[in-house]
Amino acid sequence: MAGVIWIVALVLVTFTTAYIVYGRYLSQFVGLDDSRETPAHKYQDGQEYVPAKKPVLLGHHYSSIAGGAPVVGPITAALVWGWVPAVLWVAIGNPLLGAVHDFISLSSSLRHEGKSIGYIIGEYVGERGKNMLLWFAFLLTILVVAVFALVIAVVFDAFPSAATASLLYVTLAFVFGIWLYQLGLPFSVGTVVFVAGVFGSVWVGIQYPLAIVPGDYAAGTTVLLDSTSFFPELLGSANIGAWVLVMLVYGAAASVLPVWMLLQPRDYLSSFLLYAGVGGSLLAVIVGTYITGMGGDAIHPETGAELSFEITTGAWYGFLGQGGPLADSLPLMPLLPLLFLTIACGTISGFHSLVSSGTTAKQLNKETDAKLIGYGGMLAEGLLAAVALCAVTIVAIPAATEGIGLALPNFATGGGAILTALGIPFEYAVPFMALVLASFLLTSMDTAVRLGRYMLEEIIGTPETPVESYAANRYVNTTAIAVLAFFLLGSGRWEDLWTLFGGANQLLASLALLTGTIWLANWDKSKQLVSTGGPMILMAFITVIGLTWTALYTILGGRLLGITAEAETSLLGQSSAVVQIVIIATLIWLALSLLKIGYDNMTAAGDTDSGLAADVSTDDD
């Protein structure tokens, strides 16, 4: 039986080679130049445009792009089709598609005053294309906020110790921001003090776990309220519903604060958690495989057997996924195209283009930092996906049979078992991995709220009416995003929300690559467009086919007609199915329209000696 060391070896080799070779080529290709002033310095305002040290910004970027999707996606894919196709898509697709996508999104924004991809595409294809993409991105951010708020709540419900630790680490980050930017105290001393405090919060969380309403928790859990009547039940739990509300309020509040007050210091501190969790797990696989083995206290939660580094899931369950543990609970799922929608963020994610061209481009200190943060940051997310695959292949609990509620605890349980190879007790390693996951999710969620605000402000532009002024108000539009996200979750249909999120996310990735390709074509007609154009075409084709399959086979054939699955009997369920089909059709139409507009622009740019972007892209100011 193969061990997870092969997963780690394949990913590390391909990622290292890609960063050294392809990352260097892309840096030269876009002409990164430290003599050029970045938007963070040119428009420094102490609110959004704030130059950040490379490790601080890497921490923010990595924390913001890595959420629950690179955990849930690989876990689900491994249980549907087997671990081999899952790891191959991560190992090969990430450096050739995802890392290119993130790097080009960051670089193009860097050359356009830190503006979003919507603004950039508008520079070349006009106001109509700009607004289409901005509305697409705005709607996606609402889906992201809803998805991540729910995922955080699931983690907090499964691991009340992670809830306590997360609240402590957010508080420490706020104080760290004051330490650095208001009191002007030493950065290095603060790093030591507050990083130690964040790791110490894991111990505090284990001693004082926290829940909001009564439920089935471990002994010693502090419950804040006596009644569940004030909160909706999500995924069968009022505690999850309560945490969702808390997280949406937190996300809205955090998104309107200056970036120095919470976003920068929190993401910097959380990066140490993330590096320790992901890097520690990869190291533990190597050390445990060849030296120490797994700790004897690492016990399978269902069978009671001792865990090891041996892979217990199947390598291949068939093209339609009918040979695996989830065959009875899922419809037919063809590997092509659904694998590429199931594993989104671990390989390529359109949401990353919003982070790269939203908050990250406004904080980049030097242009050459873009290689590590843009290209390298995506590779780091691929490592998280690899850790998730290692975790599920040794624990092998069929996560998707009970939905997301089991997928994420699998990550903490399997990841905690892996860390025991470094001598960390299992009872501490599992809550630590839960905190690692929560820290990813917290940063992604409130960054998404902030990005949604940016999108809406760009759509409005300079307010000309009282209504536009009201909509452009940061407090109003932030509240609106949080409220809309809550109503999406209130439907109680997680699977519907995940399908919409996955489809919209991958279509946006194609549109972000389209934006980068248009920029390059207008900048210099001699530029090769294969690096961005190839992934763009591939993702557009795969996603359109995948969404079409979902609309016709899963929703129309199943939920409405009862041919491929049990039909919906309630009016609410049938209405939801119809709305889903309409949304999918809208997404496909919007994407294909933008691709056609972009193709026309690139054709026109190739027929001229220079493009609109020439001055923008080479301006040294």
Side-chain angles (χ1 to χ4, degrees), residues 3-20 23 54-67 70-71 74 87 90-91 94-95 98-99 165 169 191-192 194-196 198-199 201-202 267-292 294-295 298 309 345-346 372-373 375-394 411-426 428-441 443-444:
V4 293
I5 186 64
W6 294 107
I7 296 176
V8 173
L10 176 62
V11 171
L12 287 179
V13 169
T14 56
F15 284 11
T16 301
T17 303
Y19 183 78
I20 294 173
K54 187 191 297 187
V56 175
L57 186 54
L58 178 61
H60 155 70
H61 183 79
Y62 184 34
S63 302
S64 297
I65 64 172
V71 173
V87 72
V90 171
N94 183 298
Y169 117 83
T191 296
V192 173
F194 287 94
V195 169
V198 169
F199 281 92
S201 68
V202 177
D267 290 358
Y268 175 65
L269 292 178
S270 70
S271 67
F272 287 89
L273 277 175
L274 308 183
Y275 302 149
V278 176
S281 296
L282 296 174
L283 177 63
V285 169
I286 298 172
V287 172
T289 300
Y290 296 109
I291 302 176
T292 64
M294 192 173 288
F309 287 106
C345 298
L372 174 64
I373 294 168
Y375 195 88
M378 182 57 196
L379 295 179
E381 180 165 16
L383 294 178
L384 172 62
V387 170
L389 283 169
C390 291
V392 71
T393 53
I394 63 172
F411 174 77
T413 303
I418 289 172
L419 287 179
T420 61
L422 299 180
I424 303 173
F426 190 54
Y428 287 92
V430 172
F432 171 73
M433 291 302 288
L435 175 60
V436 168
L437 180 57
S439 63
F440 275 116
L441 296 164
T443 54
S444 296

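Applying the side-chain hydrogen bond (donor to acceptor under 3.5 Å, both in side chains) test to residues at least two apart or on different chains, none of the pairs has a partner in residues 280-292.
Using modelled atom types, no side-chain atom of Ser271 and backbone atom of Gly59 make a donor-acceptor pair closer than 3.5 Å. Asn94 contributes no side-chain N or O that, together with a main-chain N or O of Phe15, makes up a donor-acceptor pair within less than 3.5 Å.
At a cut-off of 3.5 Å, with distance as the only test, a side-chain donor of Thr191 or Tyr268 sits close to an acceptor on the other residue.
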### Task
Take Val87 and Trp6 through the test side chain to side chain contact (heavy atoms under 4.5 Å, CB included) and record every step on the way to the result.
CA-CA 10 Å; Val87 72; Trp6 294 107; over 6 Å; no
### Message
Show, in sequence, the C-alpha distance, side-chain angles and deciding distance for Ile394 and Met294, and conclude whether the side chain to side chain contact (heavy atoms under 4.5 Å, CB included) test is met.
### Response
CA-CA 11 Å; Ile394 63 172; Met294 192 173 288; 3.9 Å; yes
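Looking at residues two or more places apart in sequence or on another chain, you find a side-chain contact (heavy atoms from CB on, under 4.5 Å) between Thr393 and Val4, Ile7, Trp83, Ile311, Thr313. Every residue two or more places apart in sequence or in another chain that forms a side-chain contact (heavy atoms from CB on, under 4.5 Å) with Thr17 is listed here: Val13, Val21. With sequence neighbours excluded, the residues forming a side-chain contact (heavy atoms from CB on, under 4.5 Å) with Ile20 are Thr16, Arg24, listed by chain and number. Residues passing the ring-ring contact (aromatic ring centres under 6.0 Å, His included) test with Phe309, sequence neighbours excluded: none.
How far CG of Leu441 is from OG of Ser439: 8.0 Å, rounded to the nearest 0.5 Å. One finds the OG1 atom of Thr443 at 11.5 Å from the NE2 atom of His61 (value rounded to the nearest 0.5 Å). Distance CG/Leu58 to CD1/Ile373: 6.0 Å, rounded to 0.5 Å. The CD1 atom of Ile5 lies 5.0 Å from the CD1 atom of Ile286; values are rounded to the nearest 0.5 Å.
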Between side-chain atoms of residues 375-391 and protein atoms elsewhere (two or more places apart, or another chain), which donor-acceptor pairs fall under 3.5 Å?
from	atom 1	to	atom 2	distance (Å)
Tyr375	OH	Pro95	O	3.0
Glu381	OE1	His352	NE2	2.9

